[in-house]
Amino acid sequence: LMLFSSPGLLRSDSIPEVGEDAAATVSMAETLSEEERDELRRELAKVEEEIQTLSQVLAAKEKHLAEIKRKLGINSLQELKQNITKSWQDVTSTTAYKRTSETLSQAGQKASAAFSSVGSVITKKFEDVR
């Protein structure tokens with residue numbers, strides 16, 4: 001399978017963005033010679049064929065992957081659990097998570113200390129009232 005073998009396939013010609021003036025696109029097409037149009041049609045057919053081939057190869061690979069997983073006894077639920085675990089490990093290993101975790105931990109300790117001191121003040125006030 002030979003990809004991108006056609007000259008001009010990776011041209012840097014600008015492609016009109018969505019919402020760009022349609023008249024500009026039409027006038028560009030009108031300025032092409034018949035030879036250029038034929039070349040573009042051949043290139044279009046070739047790219048479409050390559051996309052079709054790649055889609056077929058991908059489908060075959062996905063089928064092969066599913067077969068391997070079936071043989072290994074890996075099912076969707078196990079994969080989901082593994083993905084969640086790995087994602088959580090990835091998140092917890094980030095610097096941002098560690099900093100946030102440390103900050104929340106310190107805030108929690110300060111809040112506990114504050115509640116504790118408020119509680120002892122309230123307890124003392126009750127004792128004083130008695």
Side-chain angles (χ1 to χ4, degrees):
L1 178 66
M2 191 105 173
L3 295 178
F4 305 115
S5 60
S6 174
L9 186 60
L10 297 176
R11 275 189 227 147
S12 62
D13 295 349
S14 65
I15 298 171
E17 293 294 323
V18 174
E20 198 171 299
D21 188 8
T25 305
V26 170
S27 67
M28 183 190 302
E30 289 173 355
T31 61
L32 294 174
S33 69
E34 194 58 39
E35 185 178 311
E36 289 171 322
R37 287 176 194 243
D38 288 343
E39 175 61 28
L40 286 174
R41 286 186 190 110
R42 285 191 295 272
E43 188 174 335
L44 177 65
K46 184 175 182 179
V47 171
E48 287 175 338
E49 184 181 331
E50 289 172 349
I51 289 171
Q52 180 68 27
T53 301
L54 289 171
S55 295
Q56 291 168 352
V57 169
L58 180 60
K61 292 285 185 185
E62 287 174 338
K63 184 177 178 182
H64 183 64
L65 176 69
E67 182 65 20
I68 291 170
K69 286 180 179 181
R70 187 189 64 73
K71 287 179 180 178
L72 289 172
I74 299 172
N75 63 33
S76 298
L77 184 57
Q78 288 171 323
E79 278 189 323
L80 180 61
K81 286 178 184 177
Q82 288 172 350
N83 289 343
I84 290 171
T85 301
K86 182 172 180 347
S87 295
W88 179 247
Q89 289 170 347
D90 291 347
V91 167
T92 57
S93 67
T94 63
T95 305
Y97 176 84
K98 289 178 183 174
R99 285 184 187 155
T100 303
S101 179
E102 289 169 7
T103 302
L104 290 175
S105 176
Q106 291 169 359
Q109 290 168 359
K110 289 177 184 176
S112 292
F115 288 133
S116 177
S117 65
V118 167
S120 62
V121 168
I122 291 173
T123 303
K124 187 168 182 346
K125 290 290 182 191
F126 279 136
E127 289 172 356
D128 291 347
V129 169
R130 285 187 198 165

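Other residues sharing the hydrophobic cluster of Ile68, ordered by chain and number and joined by side-chain separations under 4.5 Å: Leu72, Ile74. Taking Ile, Leu, Val, Met, Phe, Trp and Tyr as members and joining any whose side-chain heavy atoms lie under 4.5 Å apart, directly or through other members, Leu104 forms no hydrophobic cluster with any other residue.
Looking only at side-chain heavy atoms (C-beta outward), Leu65 and Lys61 stay at 4.5 Å or farther from each other.
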Inset, instruction - Decide salt bridge (charged side-chain N to carboxylate O under 4.0 Å, His left out) for Asp90 and Lys86; before the verdict, give the C-alpha distance in whole Å, the side-chain angles of both, and the deciding distance to 0.1 Å. - result: CA-CA 6 Å; Asp90 291 347; Lys86 182 172 180 347; 3.2 Å; yes
Legend entry - Residues Glu43, Lys46; criterion salt bridge (charged side-chain N to carboxylate O under 4.0 Å, His left out); working and verdict: CA-CA 5 Å; Glu43 188 174 335; Lys46 184 175 182 179; over 6 Å; no
Legend entry - Test log, rule salt bridge (charged side-chain N to carboxylate O under 4.0 Å, His left out), inputs Glu102 and Arg99: CA-CA 5 Å; Glu102 289 169 7; Arg99 285 184 187 155; over 6 Å; no
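Interatomic distance, CD of Glu36 versus CG of Asp38, reported as 10.5 Å (0.5 Å rounding). With rounding to the nearest 0.5 angstrom, the CD atom of Gln52 is 12.0 Å from the CD atom of Glu50.
With a 6.0 Å radius and a threshold of 12 heavy atoms from other residues, nucleotides or ligands, Glu49 has its CD atom at or below the threshold. Atom CD of Glu35 has 12 or fewer heavy atoms from other residues, nucleotides or ligands within 6.0 Å.
Every residue meeting the side-chain contact (heavy atoms from CB on, under 4.5 Å) condition with Leu58, not counting sequence neighbours, appears here in chain and number order: Glu62.
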